[in-house]
2 protein chains.
Amino acid sequence: MDMPDRATKRLDDAARAAWLYYIAGKTQDEVAGILGVSRQSAQRMVSLAMSSGLVKVRIDHPIGQCMSLAAALSERFGLSLCEVVPSLPGSDASLPVAHATADVIERWLLRPEAGVMGLGTGRTLRAAIEALPRIDCPQHRIVSLTGNIAPDGSTAFYNVLFSISDKVTAPTYPLPMPVIAASAAERDMLLTQKTIAAARDLAARADLAVVGVGQMDAAAPLLLDGFITRAELDELRAAGAVGEILGWAFDASGKVIPGLMNDRVSAADLWAGGAEGRQILGVAGGAGKLPAIRGALEGGLLNGLVTDEETATALLA
Amino acid sequence: MDMPDRATKRLDDAARAAWLYYIAGKTQDEVAGILGVSRQSAQRMVSLAMSSGLVKVRIDHPIGQCMSLAAALSERFGLSLCEVVPSLPGSDASLPVAHATADVIERWLLRPEAGVMGLGTGRTLRAAIEALPRIDCPQHRIVSLTGNIAPDGSTAFYNVLFSISDKVTAPTYPLPMPVIAASAAERDMLLTQKTIAAARDLAARADLAVVGVGQMDAAAPLLLDGFITRAELDELRAAGAVGEILGWAFDASGKVIPGLMNDRVSAADLWAGGAEGRQILGVAGGAGKLPAIRGALEGGLLNGLVTDEETATALLA
DNA sequence: TAATTGCTTGGGCAAATGTTCACATTGAGC
DNA sequence: GCTCAATGTGAACATTTGCCCAAGCAATTA
């Protein structure tokens, strides 16, 4: 006659109680009745089963996996906000990422407390704004974090602020200058202009900054859109640049690279006064942006991220 | 810009809420805060996720599987009590089954309301009693449901009642006659004896009957213990017998076979007056007893079962 | 053998959860 | 353009659950 040790017996009972409670959907009172113990004991058993890790809960839905990844990313990189969207295999990640970003922005805009939201530029961000519904939120102010004029004078992919001003009632404050000025001198001159200086001041006080993350390879947005030349790009890469946020180029450890293009950046330095209380939300997905995103996260340039499942997995690998 | 349909969107939100609630362990209030909705809405989302089957809970413990099987058996065969114990691969199932039976008996004996428990015979039952702790339960009466004397006059595996009388303070009422009488006439004569008649009357009023299930093959307990001859066994099998309970032989559909050995059975007919309110608990495990157990369940001879995982799985196959 | 220590038990209470109901909002159809 | 139905929302209430505390019980030690 084997004598099962007490601990095992306790776990058995706990598993039994947990089964009745979680699987059979009994109430703890019923479990207690069935097992012939008091309700409190039943509660203790269920609790024990739970804390012993006997009870496994999983969400059988793509979003479940995503939220696990989001939690892991938050933990790993100290993010206070992280959204991971399911990546539809074989399809561009930027669309779902844009949708998720729109959701985040929408939730923020619906908050009753007045705040300042800063927006960067880029295709994904543009798509996110496109997906935004009309919202009445005059309590907020929306400011462009960076110049929103392309070198050729168009606003092609950079008129994020004009797009959002059609959707929401919040006042918007554009920064009518290029993302990257032709020269450091030109930038400094532009910054003395009143409207630009005011917008930059407002940008520096943004509570939520939504920014894209640009890569530094052949598909670099800054190159494609003509802000920098191929030679300048190569120079930056030689200096270790792996990505850029608002035009600020940074290396693999997330350090902003001194000199070069960074002397011509129009954007305010979001990290200057300490980013405490400010949500800097990166929005990016796709294998090409992986080194850039990783660098930004490693360097703490972002404390929030919206990305896709695939990229999230890769970031954690 | 793909337009995800509303139903999908709702499920996504529900999954998200469920994730926060079940995996992240947030309270529904917190979930509501995070998702920017009211607590009630969060509750509805979690509820939706649950009822949509998005949330899967499993108990990571052998007992979990067992209880699933027990529930299935209860459903399939209309059992009001069913216990399935983990079968340790390669080891005899009767020991864990005996332990589980002891637990059931113990729980019953600890009930404050007075009752009558009837006991059958057999090795498993004997082992169960052996595993029973000492219990003070004078409010109950314990009666032998069947004769507890072997043909050779010994009580070898059949003195279940004597064993339990050493363990508990409840009065016990043996049935001092063979399980199977030598002849129908002998049985009828014995039944006229006062003590035997009294015990049979009590047995007929048992609230809980704990009985073994015997197989009808070469390993039949009745054969091994000399109650019937090989020829009689073959005769019974020819008549369709697949098993026996308390000596009553029954066929694959659970019908008690008329005539033959059944004319000499000492046990009271538990099913005579309708088994309403009476718990008839079968105790058996092992591949050899499978046809017998299945027959008993199919015919409704049992409304309770203690068995092992392997047997339970086979019964449901 | 008696006292002590540690664990378990059940009662009571506060928080969390589930349910119901009345109302608002949205969208379809006339 | 209006009405009506269907669905979603929040408030109030009922139930269930989690937790703390005092008492009981068993094992251990002096």
Side-chain angles (χ1 to χ4, degrees), chain A residues 3-55 57 59 103 106-107 109-112 132-137 167 169, chain B residues 3-55 57 59 103 106-107 109-112 132-137 167 169:
Chain A
M3 182 56 186
D5 65 291
R6 289 159 52 95
T8 303
K9 169 84 170 132
R10 283 188 65 75
L11 275 191
D12 276 14
D13 287 344
R16 197 189 292 255
W19 190 90
L20 288 167
Y21 182 62
Y22 289 107
I23 312 287
K26 307 278 181 190
T27 180
Q28 291 187 355
D29 256 321
E30 294 174 307
V31 173
I34 292 165
L35 266 49
V37 297
S38 72
R39 186 187 70 78
Q40 291 83 344
S41 298
Q43 196 275 329
R44 265 184 273 266
M45 285 185 196
V46 172
S47 174
L48 173 68
M50 186 57 109
S51 61
S52 304
L54 263 52
V55 181
V57 184
I59 308 295
D103 284 349
E106 178 178 356
R107 280 205 293 282
L109 288 176
L110 288 173
R111 286 170 31 168
L132 211 59
R134 299 187 177 277
I135 302 174
D136 181 46
C137 52
K167 297 287 189 89
T169 51
Chain B
M3 181 57 184
D5 64 290
R6 290 158 50 95
T8 303
K9 168 85 170 127
R10 283 191 66 74
L11 274 191
D12 275 15
D13 287 344
R16 197 189 293 254
W19 191 90
L20 287 167
Y21 182 60
Y22 288 109
I23 313 287
K26 307 278 182 191
T27 181
Q28 292 187 354
D29 257 322
E30 294 174 307
V31 174
I34 292 166
L35 266 49
V37 298
S38 73
R39 186 185 71 75
Q40 292 87 339
S41 296
Q43 197 275 327
R44 266 183 271 267
M45 286 185 194
V46 172
S47 174
L48 173 67
M50 188 56 111
S51 62
S52 304
L54 263 53
V55 181
V57 183
I59 309 296
D103 284 349
E106 181 180 351
R107 280 205 295 280
L109 287 176
L110 289 173
R111 287 170 31 169
L132 212 59
R134 298 188 178 278
I135 303 174
D136 181 45
C137 52
K167 296 288 188 83
T169 52

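Letters A, B, ... mirror the listed sequences (proteins, then strands); counts begin at 1. Predicted model, so just to flag it, every value in this text is computed and none were measured.
Under the rule for a side chain to side chain donor-acceptor pair (under 3.5 Å), the partners of B/Thr169 that lie at least two apart in sequence or sit in another chain are B/Asp136. For B/Ala42, the side chain to side chain contact (heavy atoms under 4.5 Å, CB included) criterion is met by B/Val31, B/Ala32, B/Val37, not counting sequence neighbours. Remark: B/Ser47 engages no residue in a side chain to side chain donor-acceptor pair (under 3.5 Å) (not counting sequence neighbours).
Between the CD atom of A/Glu30 and the CZ atom of A/Arg39 there is a distance of 13.0 Å, given to the nearest 0.5 Å. Atom SG of residue A/Cys137 and atom CD of residue A/Glu106 lie 10.0 Å apart, to the nearest 0.5 angstrom.
When all heavy atoms of B/Leu132 and B/Lys167 are compared, the pair lying nearest together is O-NZ, 2.7 Å. Taking each heavy atom of A/Met45 and A/Ala17 in turn, the nearest pair found is CB-CB, 3.6 Å. Here the closest heavy-atom approach between residue B/Leu54 and residue B/Ala15 is recorded as CD2-CB, 3.8 Å.
One end of the helix from C/dT1-D/dA30 to C/dC30-D/dG1 points its axis 20° away from the other end's axis, with each axis taken from 5 pairs and the angle rounded to 10°.
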Donor-acceptor contacts under 3.5 Å from residues 18-29 of chain B side chains, at least two apart:
unit_1: B/Trp19; atom_1: NE1; unit_2: A/Gly64; atom_2: O; d: 3.3
unit_1: B/Trp19; atom_1: NE1; unit_2: A/Ser68; atom_2: OG; d: 3.4

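To the nearest angstrom, C1' of C/dT19 lies 16 Å from CG of B/Leu48. Counting to the nearest Å, the C1' atom of C/dA16 and the CD atom of B/Glu30 are 11 Å from each other.
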Distances for protein N or O near nucleotides 22-25 of chain C N or O, under 3.5 Å:
none

Distances under 3.5 Å only, N/O to N/O: pair up the protein atoms with those of nucleotides 14-20 of chain D.
unit_1: D/dT17; atom_1: OP1; unit_2: A/Tyr21; atom_2: OH; d: 3.2
unit_1: D/dT17; atom_1: OP2; unit_2: A/Thr27; atom_2: OG1; d: 2.5
unit_1: D/dT17; atom_1: OP2; unit_2: A/Gln28; atom_2: N; d: 2.8
unit_1: D/dG18; atom_1: OP2; unit_2: A/Gln28; atom_2: NE2; d: 2.7
unit_1: D/dG18; atom_1: OP2; unit_2: A/Gln43; atom_2: NE2; d: 3.1
unit_1: D/dG18; atom_1: O6; unit_2: A/Arg39; atom_2: NH2; d: 2.9

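Distances shown here put a side-chain N or O of A/Ser41 below 4.0 Å from the OP1 or OP2 atom of C/dG10. Applying the 4.0 Å criterion to OP1 and OP2 of D/dG10, one finds that B/Ser38 has a side-chain N or O inside that range.
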